[in-house]
Asker: 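Mind having a look at this structure? Questions to follow.
We number each residue from 1, following the sequence as shown.
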Amino acid sequence: MQEQNQTSVTRFFLVGFGELHSMKMMFFSMILIIYIMVFNANFLVIVLVAACPTLHFPMYFFLSQLSLSEILFTTNIVPNMLRLILIGGGTMSVRGCIAQFCVLCVPTITQCLLLATMSFDRYVAICNPLHYTSIMTFKLQLNIVTFCWISGFLLALVIDIVLNQLEFCNSNKINHFYCDIAPLIALSCSDTSYVELVIALISVFISFSPFLFIIITYIFILANILRIPSSFGRQKAFSTCSSHLTIVCMYYGTLTVIYLYPPGNHSLSINKFLSLLYTLVTPLSNPIIYSLRNHDIRRVVHNFLSKCRNNYWITG
């Protein structure tokens, strides 16, 4: 009798950021500007790596794939977020909500695997430099990148199949600006133990395993760097890893606080703020960090801007 009285939910209501009143347009403009910067910065990295022969190296190829995943990640969330800001919250179908989360999983899984791949590239470059070109062939790069993207799509498909087995009833309110796994499980009136087990196993594969691999590779890298006799040589070797290490710390740090930190220890507002950092600030930081710390990319950008200025003065 109780199950018969339960109302089946067909649409979720995403609270977003609530009623922002006079701050609405300012907040909307700020998010839109950051999103445009994220898209342009990451798209520029993809174009530069593809067009400039001086950047045709494994690390930059993996970086371009990381930028592509960042574009997919933010584009999946931000347009609907902007809509929620304007209307003060909005509805989304249950199927659409699950689809948004599964599409979100594709670049997230790919990013975790790409970061592990980039640490392997640094390991080969520093610990086995004489065989670097013979090991990191373009065929191997394509195989690794293909594996990363296919893993993302296949695991997201598994998550999609599992989540679509859930039934939702009574409450339909999601106090967030995008569909995430925690509120979906919390709102389900089905037995979620199987879903939680599948999600936990996939999480181990896409987050813990790559992170452990990164730690192990950097232990070997650090040991090799410390054996370099000159301080200049050690500094130069470590500088090739600093950008990647910074991004790994930012990415896994934010991911850990959002998904692994006990939810009772921070409010929903803080969780939204951290998710906003993860959605916009981290994707913007990646190309900026590599541009500021990498001499090759800085030189290519400088040459590109110089050509643009020269063409402008010539045509002008």
Side-chain angles (χ1 to χ4, degrees), residues 26-82 85 103-104 106-119 121-122 141 145 148-149 152 177-178 239-255 258 273-309 311-312:
M26 185 179 74
F27 189 59
F28 176 88
S29 302
M30 182 184 71
I31 297 297
L32 179 60
I33 290 171
I34 296 175
Y35 171 65
I36 293 172
M37 291 171 64
V38 168
F39 188 93
N40 289 338
N42 284 284
F43 185 72
L44 179 62
V45 170
I46 295 172
V47 171
L48 290 176
V49 171
C52 300
T54 55
L55 298 180
H56 289 175
F57 291 97
M59 191 65 173
Y60 301 124
F61 179 63
F62 298 138
L63 177 61
S64 69
Q65 296 302 306
L66 191 66
S67 292
L68 178 59
S69 68
E70 297 288 16
I71 290 175
L72 294 176
F73 181 86
T74 53
T75 303
N76 180 48
I77 295 177
V78 176
N80 189 59
M81 184 204 306
L82 294 171
I85 292 171
V103 172
L104 178 80
V106 176
T108 302
I109 294 169
T110 304
Q111 286 171 13
C112 290
L113 297 176
L114 282 172
L115 288 172
T117 300
M118 294 166 82
S119 71
D121 174 77
R122 292 299 85 202
Q141 297 170 46
V145 167
C148 292
W149 282 106
F177 56 84
Y178 67 90
S239 66
T240 63
C241 306
S242 58
S243 298
H244 178 251
L245 269 176
T246 304
I247 289 175
V248 167
C249 292
M250 287 181 59
Y251 183 82
Y252 277 100
T254 312
L255 202 65
I258 294 174
F273 174 74
L274 292 171
S275 298
L276 197 61
L277 290 179
Y278 180 64
T279 306
L280 286 171
V281 178
T282 302
L284 180 61
S285 301
N286 292 353
I288 291 176
I289 289 170
Y290 268 94
S291 298
L292 292 177
R293 296 195 175 191
N294 190 283
H295 176 71
D296 292 333
I297 293 182
R298 287 204 311 268
R299 185 175 57 199
V300 168
V301 172
H302 176 74
N303 293 339
F304 175 76
L305 294 176
S306 298
K307 288 181 180 179
C308 290
R309 283 197 299 266
N311 290 334
Y312 172 78

Asker: Can you measure from CG (Leu115) to CG (Leu245) and round to the nearest 0.5 angstrom?
Answerer: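 These two atoms lie 10.5 Å from each other.
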Asker: Is any side-chain heavy atom of Val78 less than 4.5 Å from a side-chain heavy atom of Met81?
Answerer: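 Yes, close enough: below the 4.5 Å cut-off.
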Asker: Report yes if some heavy atom in the side chain of Tyr60 is under 4.5 Å from a heavy atom in the side chain of Cys52; otherwise report no.
Answerer: no
Asker: Side-chain contact, heavy-atom cut-off 4.5 Å: Leu276 with Phe177?
Answerer: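 Answer yes - side chains close enough.
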Asker: To the nearest 0.5 Å, how far apart are CD1 in Ile33 and CZ in Phe28?
Answerer: 10.5 Å
Asker: Any side-chain heavy atom of Ile109 sitting closer than 4.5 Å to one from Leu113?
Answerer: yes
Asker: Identify, with sequence neighbours excluded, every residue that meets side chain to side chain donor-acceptor pair (under 3.5 Å) alongside Thr279.
Answerer: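 Testing Thr279 for side chain to side chain donor-acceptor pair (under 3.5 Å), a comparison that skips the adjacent residues, returns none.
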Asker: Going by the rule side chain to side chain donor-acceptor pair (under 3.5 Å), which residues pair with Gln65 if we only count those two or more places apart in sequence or in a different chain?
Answerer: Trp149
Asker: Which distance, rounded to the nearest 0.5 Å, do you find between the OG1 of Thr246 and the CG of Asn286?
Answerer: 10.0 Å
Asker: Is the shortest heavy-atom distance from the side chain of Met30 to the side chain of Ile34 under 4.5 Å?
Answerer: yes
Asker: Could you work out, with ring-ring contact (aromatic ring centres under 6.0 Å, His included) as the rule, every residue matching Phe57, not counting sequence neighbours?
Answerer: none
Asker: CG of Asp121 to CG of Leu63: how many Å apart, nearest 0.5 Å?
Answerer: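 The CG atom of Leu63 is 11.0 Å from CG of Asp121, to the nearest 0.5 Å.
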Asker: Donor-acceptor pairs are to be reported for all side-chain atoms of residues 39-51 against protein atoms at under 3.5 Å, with residues two or more places apart or in another chain.
Answerer:
unit_1: Asn40; atom_1: ND2; unit_2: Ile36; atom_2: O; d: 3.3
unit_1: Asn42; atom_1: OD1; unit_2: Ser67; atom_2: OG; d: 3.3
unit_1: Asn42; atom_1: ND2; unit_2: Val38; atom_2: O; d: 2.8
unit_1: Asn42; atom_1: ND2; unit_2: Pro283; atom_2: O; d: 3.1

Asker: Please examine the side chains of Ser69 and Leu66, heavy atoms only from C-beta on, and report whether any two atoms are closer than 4.5 Å.
Answerer: yes
Asker: Parallel, tilted or perpendicular: which one describes the rings of Tyr278 and Phe73, with boundaries at 30° and 60°?
Answerer: perpendicular
Asker: Answer whether the closest heavy-atom distance between the side chains of Thr117 and Cys148 falls below 4.5 Å.
Answerer: yes
Asker: Looking at OG1 of Thr282 and CD of Glu70, how far apart are the two atoms once the value is rounded to the nearest 0.5 Å?
Answerer: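 So the gap between those two atoms works out to 7.5 Å.
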Asker: To the nearest 0.5 Å, tell me how far Met59 CE sits from Cys241 SG.
Answerer: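 If I round to the nearest 0.5 Å, the distance is 7.5 Å.
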Asker: Does Tyr35 have any side chain to side chain donor-acceptor pair (under 3.5 Å) partners at least two apart in sequence or in another chain, and if so, which?
Answerer: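 Thr75.
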Asker: List for me each residue that meets side-chain contact (heavy atoms from CB on, under 4.5 Å) alongside Ser285, sequence neighbours excluded, and say none if there are none.
Answerer: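 In terms of side-chain contact (heavy atoms from CB on, under 4.5 Å), with neighbours along the sequence ignored, Ser285 is linked to Met250, Val281, Ile289.
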